[in-house]
2 protein chains.
Amino acid sequence: MDRVTMADVAKAAGVSVATVSYVLSGKRPVRPETRVAVEAAIRQLGFTLNSAARSLRTGRSALVGLVVPDLANPFFAQLASALQEHVRDLGLHVVVCNTRADRREELAFVREAVQQQFAGVVITPFRLVAKDLKPLEDAGVPVVVSADIRLDGVDRVEPEARAAMRAALTAVTASGRRRIAMIAGPRDATGGDPRLELLRALTGQFGTVLPHGMVVRGEHTREAGAAGFGQLMGLRHPPDAVFCANDVIAVGAMGRAEELGLRIPGDVSLIGYDDADFASLVRPRLTTIRYPAGAVGAAAARLLRERMDGRSVPKTLRVGAEFVERESV
Amino acid sequence: MDRVTMADVAKAAGVSVATVSYVLSGKRPVRPETRVAVEAAIRQLGFTLNSAARSLRTGRSALVGLVVPDLANPFFAQLASALQEHVRDLGLHVVVCNTRADRREELAFVREAVQQQFAGVVITPFRLVAKDLKPLEDAGVPVVVSADIRLDGVDRVEPEARAAMRAALTAVTASGRRRIAMIAGPRDATGGDPRLELLRALTGQFGTVLPHGMVVRGEHTREAGAAGFGQLMGLRHPPDAVFCANDVIAVGAMGRAEELGLRIPGDVSLIGYDDADFASLVRPRLTTIRYPAGAVGAAAARLLRERMDGRSVPKTLRVGAEFVERESV
DNA sequence: GTGAAAGCGCTAACAT
DNA sequence: ATGTTAGCGCTTTCAC
């Protein structure tokens with residue numbers, strides 16, 4: 001019981017392999033009766049296309065790489081889920097690449113994507129810069145960068161978070177807080193930390209500032225969140241409101257607050273980012289800026305498809321972020 | 001700037017393509033100096049293997065499919081992460097398949113795996129039965145089933161949860177609870193619900209029973225957890241301890257308890273399963289049976305590798321589950 | 001509207 | 001220890 005090939009189908013249907021191929025691809029007209037015969041043969045023999053052969057011939061695989069710093073972070077898990085769902089219709093599969101925020105792993109996956117002739121790559125670069133993505137462009141692999149950093153010449157999906165951040169600041173200052181701080185991502189991350197930049201840009205409008213001493217940095221982990229929060233609270237003049245680069249960090253901070261006997265939001269307000277699903281589960285429920293992973297996945301899929309359909313000018317899609325007020329402010 | 005092929009490398013190194021291939025694969029001895037020359041040429045030309053060509057030739061791709069009911073469930077996200085990490089060393093990539101517990105999607109992915117000649121498949125079947133996996137075996141694709149259900153003839157990784165469940169029951173009965181209930185998975189899920197069977201088998205030893213009326217069923221979602229809990233609490237004689245088929249369900253139940261004004265564990269004990277990372281985040285902290293996703297991923301990778309190395313008799317690996325006592329009992 | 005045939009870049013006999 | 005070569009199954013040009 002060997003593999004069924006197009007040749008088998010062709011023989012069974014009394015046509016040439018070329019015709020079988022064209023019936024499948026629709027790339028040239030086929031007489032209805034021929035089509036029917038071929039389709040019958042396909043069904044009868046249980047033929048399925050060999051994608052390795054197709055890839056070899058066309059120079060493109062049916063794989064989309066998803067490169068993220070932490071697949072276990074619910075935000076990225078949901079992104080993976082959504083992306084997969086959306087590229088399925090295009091007959092594509094999602095290959096996940098967990099880089100653990102490590103630059104070498106990111107680079108390794110970029111190389112893999114070229115080697116495997118991926119149909120596309122969706123990446124949230126963490127320590128990669130624009131030119132690291134160059135090999136992909138050179139190889140003609142469509143790239144979508146999902147991050148709120150400015151990167152030229154590539155398709156991007158980024159949050160539209162200004163209004164949400166403003167709303168957050170409004171809520172924070174309305175509850176009398178003035179000493180704003182942030183637990184941001186690592187200094188050496190790609191693009192610094194755009195969420196920090198946004199916060200900084202906006203604080204001025206609220207009669208406050210975000211002095212350097214009020215910004216601590218770390219990885220996007222609970223541990224870093226705890227450490228950062230501890231650091232902040234050890235200051236001579238500790239903050240009364242702490243923004244976090246994402247919800248994972250915020251949850252770490254919340255844990256440390258409890259250990260320190262600090263009440264949230266009584267003693268200090270805490271604001272997350274992403275609205276990961278545990279955000280509404282922790283106590284107090286985390287007030288956060290929702291960046292919908294599902295919508296991001298959908299946007300990335302759209303960008304990818306447009307590229308594959310021939311668009312050649314870079315495009316960026318904005319996904320709306322939204323202030324979600326719960327109990328931590 | 002065309003793609004660099006083995007032929008280019010061979011020419012540059014002054015050898016044949018076969019030699020280049022053998023240098024790469026190590027499948028036959030090569031003189032050191034030859035090897036060096038080839039490696040130099042590879043580096044210099046920036047050659048990378050075309051995996052489509054290799055796959056076409058060998059009849060095997062470098063892809064491992066991970067088929068799960070819900071990629072957004074932290075347990076499966078971590079499994080994906082761990083699996084990827086472990087198969088990387090084998091030069092394999094992980095293709096994720098989110099089936100949303102839908103039998104048709106599960107079947108579709110099994111077909112895909114055959115068509116794409118996957119190097120292996122790790123699957124947590126939800127509505128698939130043994131014979132649905134047959135096409136994979138026929139195609140010679142190594143399969144690892146990750147589930148606590150008995151399936152013959154395939155490699156499996158399953159939890160060793162008896163002791164943990166006994167510990168849970170001990171804790172529950174020690175706090176005076178006797179009216180045990182369970183929110184289990186759907187009746188039509190593959191293998192029924194083994195976690196329910198385990199609980200049922202053990203309750204007898206604790207001087208209690210698990211009558212049919214005390215078992216409600218639903219999907220592995222928060223909504224189903226909430227609904228199931230509500231149903232249980234609407235009983236004439238409601239339970240004073242509720243086991244859940246996983247943590248997602250438990251969290252749903254916890255939410256409904258709050259809406260109902262029921263205190264946990266004051267009025268009713270709640271026990272989860274998995275120890276997803278939000279389990280320690282909810283309040284009260286969820287007491288649960290930890291099934292370590294990372295270890296499951298590692299075990300699956302090991303099984304896969306052994307198969308690829310030639311083992312032909314099915315094998316099952318057990319991963320220890322552990323009772324984690326927190327605040328909900 | 002259909003067919004014949006040339007490869008895509010590898011691997012693995014089968015030589016030597 | 002190395003080289004030659006057939007062919008994996010498809011897509012697509014060129015011919016009819």
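Residue numbering restarts at 1 for every chain, and letters A, B, ... go by the order of the sequence lines.
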Is there a side-chain contact between B:Ser16 and the phosphate of D:dG3, meaning an N or O under 4.0 Å from OP1 or OP2? yes

Basic-acidic side-chain contact under 4.0 Å: B:Glu105, B:Arg111: no

How sharply is the helix from C:dG1-D:dC16 to C:dT16-D:dA1 bent, taking the axes over five pairs at either end and rounding to 10 degrees? 30°

Look at the side chain of B:Asp102 and the backbone N and O of B:Thr99, then say whether any donor-acceptor pair between them is shorter than 3.5 Å. no

Pi-cation contact, B:Phe109 with B:Arg104 (under 6.0 Å, within 45°): no

Reading DNA chain C in the 5' to 3' direction, which nucleotide is the first one with an atom under 4.0 Å from a heavy atom of chain B, and which is the last? C:dG9 to C:dC14

Counting N and O atoms only, with roles assigned by atom type, does the side chain of B:Arg307 sit under 3.5 Å from a partner on the main chain of B:Ser312, one being a donor and the other an acceptor? yes

Given 3.5 Å as the limit, does a donor-acceptor pair link the side chain of A:Arg311 with the main chain of A:Val313, or not? yes

Determine yes or no for a side-chain-to-main-chain donor-acceptor pair under 3.5 angstrom, with B:Gln115 supplying the side chain and A:Ser51 the backbone. no

Quick check: does any side chain N or O of B:Asp148 sit under 3.5 Å from a backbone N or O of B:Pro159, one acting as donor and the other as acceptor? no

Scan nucleotides 11-16 of chain D nucleotide by nucleotide, 5' to 3', and note B when protein non-hydrogen atoms come under 4.0 Å of the base, S if they reach only the sugar-phosphate, - if neither. BBBB--

Charged N to carboxylate O under 4.0 angstrom, A:Arg127 versus A:Asp188? yes

Could you state the atom-to-atom distance from CZ of A:Arg3 to C1' of D:dC8 in whole Å? 11 Å

Please classify the nucleic acid contact of B:Thr34 as base, sugar-phosphate, or nothing, using heavy-atom distances under 4.0 Å. sugar-phosphate

Would B:Asp132 and B:Arg103 pass as an ion pair if we require N to O under 4.0 Å? yes

Quickly work out the A:Leu56 CG to D:dC8 C1' distance and round it to whole Å. 9 Å

Test item: B:Glu158 side-chain N/O and B:Ile149 main-chain N/O as donor-acceptor pair under 3.5 Å: no

